[in-house]
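Reading through the structure tokens given below for one structure.
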2 protein chains.
Amino acid sequence: MLKYKSLYHSLKKEIQQGTFIPGDLLPSENELCDQHQITRTTARKALDELQREGFIERLHGKGSQVRERRKSLGLLNVKGFSEAVGQQVDAIMLQAPDYRGWSDRIQFPVKENEQSASCIHFERLRCVNEEPVMLENNWFASTALPNFCQLGFVDGSFFKTLSQCFFIEIVGSEQEIRAEVASSEVARLLRILPGDPVLHISICFSTSHSSLTIYSELYCNTTQYPIGNSYHL
Amino acid sequence: MLKYKSLYHSLKKEIQQGTFIPGDLLPSENELCDQHQITRTTARKALDELQREGFIERLHGKGSQVRERRKSLGLLNVKGFSEAVGQQVDAIMLQAPDYRGWSDRIQFPVKENEQSASCIHFERLRCVNEEPVMLENNWFASTALPNFCQLGFVDGSFFKTLSQCFFIEIVGSEQEIRAEVASSEVARLLRILPGDPVLHISICFSTSHSSLTIYSELYCNTTQYPIGNSYHL
DNA sequence: TAGTGGTCTAGACCACGCC
DNA sequence: GCGTGGTCTAGACCACTAG
């Protein structure tokens, strides 16, 4: 293993596990050099990567500070849906994680090696001010996440659970976005009329665990809260 | 000016101007060191940045190759709309660039210092297989782009024109996405029925020129061609 | 003033591509 | 075999923060 990658993974894991929490300062670059028998160039390369991925912020004269991770990932982001609408969001679990077959509602083609695995599915309704704004369905192969159905969600967040319980991070996504008319089922849950326009977002998340892909189908009522995101170089 | 930034800007400008075109190899790292009296560490820092921004690709054992720039920028990307729908796209100019007032159709607040400047607007219709799929409206302050209305578009691309004629790059964006019912005007142009669902995307692009912000309002018929994008760490 | 991160130098060895 | 990019070392000086 390359030295800078080794340090990078070691620091990232400590952040994910909570050894360092947001606001903490990591060991200084010189301390890291001593601890790992490397030069500053190598230590900085690891820190550069953590910085780009949003895990830390470098403060000139102070140190490297752990941040809330909120890098944008396409439409949504690693922190999840609440930032995309910019409001406090409650989640109601309509269907707790359970073993189901792969659904034909999934818009992206399910990878062949995953089709043979059993599939975990859960469905949530996201509300802002008690008003339902998004219906969320997720599917993924159960092989990568043993005992997932027995676990609770960390802070109600699926991504946080992946990170803190399984050390799995989202590393990429593909999305398709459509404006559709609401089906009677979607309309009932979002408390709108069948035929009203809804935003339909299909996402295929790739993760740091090669055998885990997450398929999501989201239906949003955007009349009150449009989906927002931003990007900066 | 820092040495690595100076080299970075110099190489980027040569790529934008066409001194190096996609497929070309930049001077090797050692050549850059000789030419600019710097060490490889410094040269590599400049190249690292160009690589992250998608201008070049590093080929181990070969060199640094200039790429078509296609980094994703939120929903759309710097190459523009054609990649988002993944098809060949024709553009019909409905309203050529002209001086107009700032429109109240712009969803993002126009910056105060821009409100007093005169505003250039143009409107295009994007078609796939002769079918209209997106109506595009753009507004921006004329101060940053003298003579813009007299210029033609490079390869029919607004972003390419900004880069090659003004050396201005898109560096960030904010977006809001909504599913709406089509107004009679939008429906007529997209050849759908008033009341059909359309995807409404509002974008505010920030650029490398501090006094230029681009405001876009897009209306998409996503029945045939959903808007796609992907993101990778 | 001591410690931190930001920049830069002048080397070294390696793996990869191509001839 | 030679040149390329990828990794790494062991220093140096600077600007910034904080006690």
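Just so it is clear, the structure is predicted and the values come from calculations on it, not from any experiment. Within every chain, numbering begins at 1; the chains are lettered A, B, ... in the order of the sequence lines, protein sequences first and strands thereafter.
Electrostatic pairing of A:E14 and A:K12 does not count as a salt bridge here, judged by no charged N lying under 4.0 Å from a carboxylate O. Taking the charged nitrogens against the carboxylate oxygens, A:R52 and A:E49 do have a contact shorter than 4.0 Å, which makes a salt bridge. Remark: B:E29 engages B:R40 in a salt bridge, criterion side-chain N to carboxylate O under 4.0 Å.
Taking the side chain as every heavy atom from C-beta outward, A:H200 and A:Q107 approach each other to under 4.5 Å.
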Problem set entry | B:I120 and B:C149: CA distance, side-chain angles, deciding distance, side chain to side chain contact (heavy atoms under 4.5 Å, CB included) verdict | CA-CA 8 Å; B:I120 294 178; B:C149 295; 3.9 Å; yes
For this session: Report the C-alpha distance between B:H121 and B:N138 in whole Å, list the side-chain angles of each, state the deciding distance to 0.1 Å, and finish with yes or no for side chain to side chain donor-acceptor pair (under 3.5 Å).
Result: CA-CA 6 Å; B:H121 165 258; B:N138 297 283; over 6 Å; no
For this session: Just do the side chain to side chain donor-acceptor pair (under 3.5 Å) check on B:S142 and B:S118 with the steps written out, would you?
Result: CA-CA 6 Å; B:S142 61; B:S118 64; 2.6 Å; yes
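At a threshold of 4.0 angstrom between heavy atoms, the contacts of B:S28 are confined to the sugar-phosphate backbone, with no base atom among them. Using a 4.0 Å heavy-atom cutoff across all strands shown, A:L47 reaches no nucleic acid atom at all.
Per the geometry, CG belonging to B:D34 stands 13 Å off P belonging to C:dT9, to the nearest Å. One can place CG of A:N30 at 15 Å from P of D:dC13, the figure rounded to the nearest angstrom. Spacing between atom CG of A:L32 and atom C1' of D:dT9 amounts to 17 Å, rounded to whole angstrom units. Remark: P of C:dC8 and CG of B:L7 are 10 Å apart, rounded to the nearest angstrom. Between the CD atom of B:Q37 and the P atom of C:dT7 there is a distance of 21 Å, rounded to whole Å. Rounded to a whole Å, the CD atom of A:E29 is 6 Å from the P atom of C:dG6. Atom CD of A:E31 is separated from atom P of C:dA2 by 17 Å (rounded to the nearest Å). Going from atom NZ of B:K45 over to atom C1' of C:dT7 covers 6 Å, rounded to whole Å.
Classified by interplanar angle (parallel below 30°, tilted 30° to 60°, perpendicular above 60°), the ring pair B:F153/B:F158 is parallel.
Every residue two or more places apart in sequence or in another chain was checked for a ring-ring contact (aromatic ring centres under 6.0 Å, His included) with A:F166, and none qualifies.
For DNA chain D, each stem of at least three Watson-Crick or G-U pairs (distances under 3.5 Å) is given as range with range: C:1-18 with D:1-18.
Non-hydrogen atoms lying under 4.0 Å from DNA chain D are contributed by A:H60, A:G61, A:K62, all within residues 56-66 of chain A.
Taking every side-chain heavy atom of A:R44 into account, C:dG5 is the closest of D:dT7, C:dG5, D:dA10. Candidate nucleotides C:dT9, C:dA12, D:dC8 were compared by shortest atom distance to the side chain of A:T42, and D:dC8 ranks first.
A close approach under 4.0 Å does occur between a side-chain nitrogen or oxygen of B:Y4 and OP1 or OP2 of C:dT7. Between B:K3 and the phosphate of C:dT9, there is a side-chain N or O to OP1/OP2 separation shorter than 4.0 Å.
Positionally, the nearest nucleotide of DNA chain D for B:P27 lies more toward the 5' end than for the other of B:P27 and B:T41.
Closest of all the heavy-atom pairs between A:R124 and A:M93 is CG-SD, 3.5 Å.
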